[in-house]
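Throughout, protein chains are lettered first and strands after them, A, B, ... in sequence-line order, and every chain is numbered starting at 1.
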2 protein chains.
Amino acid sequence: MPAVRRPRPTLLDVAAAAGVSKSLVSLALRGDPGVSERTRERILAVADQVGYRPSLSARTLKQGRSMLVGVVISSLANPYHTEIVASVEDAAEAQGLSVVLAHGSRERHRLADRVQQLGDLGVDGLVVVSSWVPAEVLTTAARRAPVVMVGRTAEPVPGIDSVNNDDEHGAALVVRHLAAQGHERIAHVNGSRRPAGTARRRGYEDAMAAVGLESHVRTVEPDGVAELLAGPGRPTAVFARNDVEACDVLDHALDAGLAVPADLAVVGYDDTMLARRARPRLTTVQQQREVMGTRAVELLTGRLGGRADDVHEVLEPRLVVRASG
Amino acid sequence: MPAVRRPRPTLLDVAAAAGVSKSLVSLALRGDPGVSERTRERILAVADQVGYRPSLSARTLKQGRSMLVGVVISSLANPYHTEIVASVEDAAEAQGLSVVLAHGSRERHRLADRVQQLGDLGVDGLVVVSSWVPAEVLTTAARRAPVVMVGRTAEPVPGIDSVNNDDEHGAALVVRHLAAQGHERIAHVNGSRRPAGTARRRGYEDAMAAVGLESHVRTVEPDGVAELLAGPGRPTAVFARNDVEACDVLDHALDAGLAVPADLAVVGYDDTMLARRARPRLTTVQQQREVMGTRAVELLTGRLGGRADDVHEVLEPRLVVRASG
DNA sequence: CCGAACTTCTGGAACGTTCCAGTTCATGAG
DNA sequence: CTCATGAACTGGAACGTTCCAGAAGTTCGG
């Protein structure tokens with residue numbers, strides 16, 4: 001099989017083979033009612049037989065829309081992000097939109113490049129699952145197609161919608177849960193200066209104060225965990241800013257010979273598959289991921305329908321209590 | 001900021017604003033040497049100022065190529081797949097190609113749809129990171145753009161190149177390693193009927209025979225692990241077909257009160273981040289993932305350069321010994 | 001001072017669609 | 001028999017690029 005790559009057949013080829021005009025082929029393939037049953041069938045058969053496939057570039061160029069939603073994600077390694085992507089995809093598909101994914105790991109400018117690239121491709125909307133994209137890049141992109149930030153909302157950017165969970169509230173849920181179990185020395189592991197991290201830290205601090213534990217507030221960087229668990233006044237509970245870091249805490253606890261949750265309660269955030277795999281199973285905060293995807297796509301179509309005012313959707317997170325604390 | 005979406009500026013708009021012809025703008029933006037320095041700078045400035053961005057649909061339509069590589073992946077949840085994608089992306093970028101990703105989880109036909117879709121989009125090459133795509137879909141796709149299967153190679157498909165590791169050999173490495181440590185009752189957990197699973201099973205069986213342990217060959221489905229570890233003649237070592245299932249084995253060992261590796265050695269396959277996170281750290285088989293991406297892109301460009309014969313690249317896997325066995 | 005050679009720029013055709021304005025032809029009302 | 005109606009189909013323009021052939025303008029050897 002020599003795998004000869006000849007120029008792909010076009011509408012004209014199909015038209016010639018079927019003995020009709022290109023316009024009629026176009027109409028038939030798109031299921032236009034004004035084509036007689038007999039001819040439609042014949043055209044479909046011919047198209048199939050010559051292996052015709054439409055050119056999305058040509059269609060996009062002519063129609064000015066692509067029926068494509070671009071999704072930009074900063075890392076494929078973070079299950080939280082990828083799980084959101086899946087929910088966006090399901091929602092888009094339900095609207096007859098297809099999703100193309102781009103990820104720009106490592107450097108920040110690569111992410112920005114990918115946003116532009118998807119824009120150049122002609123997507124009808126853009127979902128950004130990362131707070132790591134400069135605001136001006138988003139604003140520029142939004143001149144051509146609506147943009148929604150999902151899951152990792154940065155400061156609101158004018159003209160850009162967002163869907164997120166209430167990180168402060170989620171953190172408060174954790175603190176109240178731990179406090180209710182009698183924990184007082186509740187530490188927080190959080191090395192992030194980005195919006196979600198900041199909000200969770202603030203939620204932790206405020207909630208600690210609200211339950212009268214402000215004197216026990218103690219926030220450490222991820223690489224300070226070993227030290228945190230070694231000291232004499234070590235905490236009885238640790239709330240980590242996400243599941244990944246919670247797993248690291250579990251790991252350190254194991255090294256330090258601490259039983260979880262007997263000696264140390266550990267709680268994460270995001271309810272990713274890491275939480276469901278960890279031993280003991282991780283107590284964590286669940287965001288409504290499927291709702292996120294659905295709402296994101298709704299916001300896009302809303303913009304395409306002409307809505308001009310910004311919408312910032314905030315979903316209520318839910319505490320999932322498992323074995324770790 | 002009302003986020004008004006006006007029609008994007010085109011070459012003609014830039015040309016008008018700069019007082020030159022559209023052709024010259026095109027040349028200037030693409031860095032053609034036949035444009036005088038002065039004019040180029042002026043054009044670039046104007047383009048920037050009106051916010052011009054090229055239309056990839058128009059360019060692809062005219063040029064017949066998109067400088068895009070499509071990557072199709074069956075699941076974002078499998079770290080093995082996503083880590084391959086990252087390596088493909090790096091390699092493509094180094095060649096001036098951009099990557100668009102599509103994933104079709106769940107049903108098989110969705111995956112096939114995404115392959116077609118990327119083809120319709122006009123990608124110059126397709127990398128399929130999944131053995132779950134029907135051969136005839138690949139063959140059809142290959143008529144328009146070269147296709148390479150990576151990492152989960154199915155039976156060779158005529159006209160389709162592939163890059164994979166030697167699963168049989170990898171399995172043999174594991175068996176030899178365990179046997180050398182004195183293990184005899186080495187069981188195999190493998191519920192996959194797909195090519196990689198089958199090859200690893202065969203590699204396990206053959207290697208067991210080669211070290212004189214054919215009487216201890218015992219292969220179980222993933223849901224038979226609890227039973228496997230409970231019985232009286234339980235194995236002293238388990239080789240799982242991938243890291244995910246190895247982690248499940250670790251989980252069951254914990255439930256059964258077995259110490260790893262003292263009571264039970266556990267070995268995985270793929271060397272994903274799961275192996276690096278598990279406790280104890282998982283002994284596993286590493287495939288040369290970066291090489292995979294590079295070779296995959298090389299195979300694509302080779303085809304684009306006119307190569308007609310199929311290439312099936314087989315990389316040698318490497319055993320990574322960690323704490324679990 | 002002619003024209004060759006080069007540099008710099010331009011206009012139009014083409015890529016594969018969609019869409020609009022028609023055209024053709026049969027049907028049936030008057 | 002005529003003409004309006006509608007069903008079925010067609011031709012050409014347009015979308016935003018690229019690319020080719022060629023048009024200006026400039027330089028320079030003879």
Below 3.5 Å between N/O atoms, which protein atoms pair up with nucleotides 16-20 of chain D? Just atom names and distances, please.
residue, atom, partner, partner atom, Å
D/dT17, OP1, B/Tyr52, OH, 2.8
D/dT17, OP1, B/Ser55, N, 3.4
D/dT17, OP2, B/Leu11, N, 2.9
D/dT17, O5', B/Tyr52, OH, 3.2
D/dT18, OP1, B/Arg59, NE, 3.2
D/dT18, OP2, B/Ser26, OG, 2.5
D/dT18, O2, B/Lys62, NZ, 3.0
D/dC19, OP2, B/Arg30, NH1, 2.9
D/dC19, N4, B/Ser23, OG, 3.3

Original post:
When you measure from the side chain of A/Arg8 to the backbone N and O of A/Pro54, does any donor-acceptor pair fall under 3.5 Å?
Top reply: yes
Original post:
Looking only at heavy atoms, what is the nearest atom pair of B/Ala91 and B/Gly293, with distance?
Top reply: CB-O, 3.6 Å
Subject >> Taking every non-hydrogen atom, the tightest pair across A/Ala17 and A/Val46 >> reply: CB-CG1, 3.6 Å
Using nucleotides 22-28 of chain C, report all nitrogen or oxygen pairs with the protein that are shorter than 3.5 Å.
none

Original post:
With no hydrogens and no angle check, is any side-chain donor or acceptor of B/Asp124 less than 3.5 Å from a backbone partner on B/Ser66?
Top reply: yes
Subject >> B/Asp32 CG to C/dT10 P, straight-line distance once rounded to whole Å >> reply: 13 Å
Subject >> Contact summary for A/Pro146 and A/Leu300, nearest pair of heavy atoms >> reply: O-CD2, 3.5 Å
Subject >> B/Arg144 vs B/Asp120, salt bridge (Lys or Arg N to Asp or Glu O under 4.0 Å): CA-CA, chis, key distance, verdict >> reply: CA-CA 9 Å; B/Arg144 296 193 287 167; B/Asp120 295 349; 3.0 Å; yes
Subject >> Atom of B/Asp13, atom of B/Pro9 and distance for their closest heavy-atom approach >> reply: OD2-CA, 3.1 Å
**OP:** For residues B/Leu121 and A/Val100, report the shortest heavy-atom separation together with the two atoms involved.
**Re:** CD1-CG1, 4.2 Å
Original post:
Below 4.0 angstrom from OP1 or OP2 of D/dA8, is there any side-chain N or O of A/Thr39?
Top reply: no
Original post:
Taking five pairs at each end of the helix from C/dC1-D/dG30 to C/dG30-D/dC1, what angle separates the two helix axes (nearest 10°)?
Top reply: 60°
**OP:** Identify the heavy atoms of A/Leu11 and A/Ser26 that sit nearest to each other, and give their distance.
**Re:** CD1-CB, 3.8 Å
